[in-house]
Amino acid sequence: MKSICSRVVLAISLLVGSVVQAAVVDNLYQSELLVPEQLAQPTDKQLSEALRDVLVKVSGRSQIAGNAKISEALQAPAVYLQGFAYESTQIPVAAGDGREVLGLRLKLAFDTQAISGLLSEAGLSAVGGGRPGVLVWLVAEGPERPRDFVAAESEIVSELQALAAQRALPVLLPLLDLDDQQALSPGDIWGAFQEPVNQASARYRPDAVLVGRLQRLASGAWNTRWQLSYQERHQTYAPTGSLAEQLEAVVNSVGDRLLGGTSVVESNYVEDGIVLEISKLNSIDDYLQLLTYMRELQPVEQVLPAQLENDTVTLRVEVQGGVPALLEAIRLNPRIQSDSVLPSATVAGPLYYRWQ
C-alpha cells in the first residue's frame with residue numbers, strides 16, 4: 001500500500017558470498033522515510049512512524065507498539081528526536097493531491113539515551129548491535145516454472161531484503177554454486193529433509209537457517225511454508241495472505257524469535273480469536289492436513305498459525321459463534337481429540353487437543 005510517507009529501506013542488504021555468523025548492525029537509532037515535500041519540522045505522523053521503526057529495531061519486538069508505555073510515547077514522538085535532514089531522490093512519490101513528484105528522503109535520528117530510558121520504563125531492553133545471522137534457502141515453483149532455487153536478483157529476494165532491513169536482521173543468501181548444488185537440491189528443501197540442509201549450510205557457519213518453500217498456484221495466489229532452525233530447535237511457519245503479507249509475517253516471526261521478542265510484552269492489546277494447542281503432529285503432512293481441516297470447519301473464518309515446536313502447534317482461530325460453535329464443529333468432525341477438560345463456553349482458550 002502506497003502512502004505519503006513510504007518506507008525507505010535501511011542500508012542492511014542481503015550478503016552474498018560471505019560468512020554471516022553474528023553481525024554488528026549500526027544505525028539502529030536512525031530511520032528514513034520517503035516524503036513528497038520538505039517541511040520546517042517533520043509531522044507527528046512522520047515522527048511516530050519513524051520512532052516505531054526504531055523501537056522495533058532496537059528492541060527486537062515487532063509488536064512493541066502494543067506496550068502501553070510505548071503506545072503513549074508514540075503519541076508524543078518529538079521529545080525523542082535528536083535531528084533530521086532531507087535529501088533529494090529520483091524516486092516518484094504521490095503528493096496527496098493526485099500529482100506525482102520526486103520524493104525527498106527524510107532522515108531522522110533519535111536520541112539513544114532517551115530511547116533506552118523509554119524501553120526501561122516500559123519494562124523492556126535493547127537488543128544491541130550484535131545480532132545472529134540467518135542463512136536463507138529459498139525454493140519456488142509455479143504453473144509455468146519448474147521447482148528451483150530462487151535467484152538473488154528476484155523480486156522475492158528484494159522484498160525479503162527490505163523486510164530484513166526494517167528489522168535490522170543480518171541475512172545471507174547462499175552462493176548456489178557447484179558445491180551448494182551438489183550438497184543440496186531443490187527437492188531436498190521441498191521435502192523438508194533436514195540433514196542435507198544442515199550439510200549445505202555448514203560452509204556458511206550461520207547462527208540460524210531459514211528454509212522457504214514457495215508455491216504459486218494457478219490462480220496467482222501463493223502458498224508458502226517455512227522452517228527456522230536455531231540452537232537445535234525448529235519452528236515452522238505457514239502464513240496466509242498475499243505473498244508480501246506472508247513474507248512480512250515470516251520475517252517478523254523470525255526477527256522476534258532471534259532477537260528475543262518472543263518474551264511477554266506488557267500490553268493492553270488483545271488479539272482476536274480462540275487459542276488452540278494441538279499435539280501429536282508427527283510430520284509436515286500432519287501439520288498441513290491440520291490447517292486444511294481447521295479452515296474447512298463451518299464456523300471458522302480464519303486460522304492463524306502462531307508457533308510450532310516439536311510435535312505441537314499453537315493456532316489462533318477466529319470463529320463465528322465463539323467457543324461453543326467451535327466445540328460443536330470439532331465434535332461433528334472429530335479429526336482432533338480433546339487432551340484436557342473442556343473449558344466453559346465463555347472461555348476463549350487455550351483449548352488443548354491432539355491430532356489423530
| said: Treating R131 as the side-chain partner and G128 as the backbone partner, does any N or O pair qualify as donor plus acceptor under 3.5 Å? | reply: yes

Quick one: does S48's side chain have a donor or acceptor within less than 3.5 Å of a partner on K45's backbone? no

Legend entry - D256 with R167: basic N within carboxylate O range, under 4.0 Å: yes

Establish whether V79 and I64 are linked, either directly or via other cluster members, by ILVMFWY side-chain heavy-atom contacts under 4.5 Å. yes

TODO: Using only heavy-atom distances, determine whether the side chains of W137 and S201 contain a donor-acceptor pair under 3.5 Å.
DONE: yes

Exercise. Distance-only, no hydrogens or angles: does the S185 side chain make a donor-acceptor pair with backbone N or O of Q181 under 3.5 Å?
Worked result: no

- Message: Distance alone, cut at 3.5 Å: any donor-acceptor contact between the side chains of Q356 and R335?
- Response: no

*Does any N or O in the side chain of Q30 come within less than 3.5 Å of the main-chain N or O of N27, such that one atom is a donor and the other an acceptor?*
no

Q. Just by modelled atom types, is the L175 backbone N or O under 3.5 Å from a matching donor or acceptor in the Y204 side chain?
A. yes

Of all heavy-atom pairs linking L184 and D188, the shortest is CD1-CB, 3.5 Å

**Message:** I'd like to know if the side chain of S116 reaches the main chain of T112, judged simply by a donor and an acceptor atom lying under 3.5 Å from each other, with no hydrogens or angles considered.
**Reply:** yes

Determine all donor-acceptor pairs shorter than 3.5 Å in which one atom belongs to a side chain in residues 33-41; sequence neighbours excluded.
none

Nearest heavy-atom approach of W226 to L138 is CZ3-CD2, 3.5 Å

Given side-chain contact (heavy atoms from CB on, under 4.5 Å), test L288 with L290 step by step and report yes or no. CA-CA 5 Å; L288 295 175; L290 169 64; over 6 Å; no

Give a yes or no on whether a salt bridge exists between E87 and K107, defined as a side-chain N under 4.0 angstrom from a carboxylate O. yes

Item to complete: For the pair N67 (side chain) and A122 (backbone), establish whether a donor and an acceptor sit closer than 3.5 Å, ignoring hydrogens and angles.
Response: yes

Sorted by chain and residue number, the side-chain contact (heavy atoms from CB on, under 4.5 Å) partners of Q227 (sequence neighbours excluded) come out as Q194, S229, H234, T236

- Item | Exam field: side chain D207 to backbone G133, donor-acceptor pair closer than 3.5 Å | yes

What one should report as the nearest heavy-atom pair of I278 and R354 is CG2-C, 4.2 Å

Next on the checklist: So that I can tick it off, tell me whether R203 and D180 are bridged by a salt bridge, with the cut-off set at under 4.0 angstrom between side-chain N and carboxylate O.
Outcome noted: yes

Point to revise | Polar side-chain atom of T89 near backbone of G103 as donor-acceptor pair, under 3.5 Å | key: yes

